[in-house]
Amino acid sequence: MMPLDFAAITDLRVGGDPIPFDFATGRQAESQREMLGYELRAETDDAKYAQLLEFWTEDDPMTRVQEEQMARCLLLYMLGASLFPNRRNRVHLSLLPALRDVGEIARFD
């Protein structure tokens, strides 16, 4: 299957910007609080899938900032579980900077 075929079948665009990986930003507690709404209990460079979902299961977002934080948690979970899966059920936090601007996520390839 060629990229044009994939784009025609799925209606997803092919050829966007590359995903920016940043190994330092995802580890910083301040960045985690800003982008996810809480600090992950991560001793490593990755986070358990359950950590990303448990914080947002009880309350609905009250503000636009909380909506974006919830979207980042869900997208980080989905990236880890579908595109970058591993046996440990963890997602690497180097993907977090790619989710900084929720409105611009669609431009990535």
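- Thr63 pairs by the side chain to side chain contact (heavy atoms under 4.5 Å, CB included) definition with Val65, Gln66, not counting sequence neighbours.
- Using a 4.5 Å heavy-atom cutoff, the side chains of Leu99 and Leu75 are in contact.
- Residue Tyr49 qualifies as enclosed at atom OH: its count of foreign heavy atoms under 6.0 Å is above 12.
- Side-chain contact between Leu93 and Leu40: present, with at least one pair of heavy atoms (C-beta onward) separated by less than 4.5 Å.
- Placement of Tyr77 and Leu83 within a single hydrophobic cluster is found when ILVMFWY residues are connected by side-chain heavy-atom separations under 4.5 Å, directly or transitively.
- Here the options are Gln28, Gln69, Glu39, the test is side chain to side chain donor-acceptor pair (under 3.5 Å), and the partner is Arg33; only Glu39 passes.
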Do Phe84 and Val91 pass the side-chain contact (heavy atoms from CB on, under 4.5 Å) test, and can you show the C-alpha distance, the side-chain angles, and the key distance before you say yes or no? CA-CA 7 Å; Phe84 304 104; Val91 60; 5.8 Å; no
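- Atoms CG and NZ, on Leu53 and Lys48 in that order, are 13.5 Å from each other to the nearest 0.5 Å.
- Within the 3.5 Å criterion, the main-chain N or O of Arg90 finds a donor-acceptor partner in the side chain of Asn86.
- In this structure, Glu54 CD and Cys73 SG are separated by 10.0 Å, a value rounded to the nearest 0.5 Å.
- Distance check: Leu76 CG to Leu36 CG gives 6.5 Å after rounding to the nearest 0.5 Å.
- Phe23 pairs by the ring-ring contact (aromatic ring centres under 6.0 Å, His included) definition with His92, not counting sequence neighbours.
- With Arg72 contributing its side chain and Arg100 its backbone, the two residues share a donor-acceptor pair below 3.5 Å.
- For Pro85 against Ser82, the heavy-atom pair with the smallest separation is CD-O, 3.6 Å.
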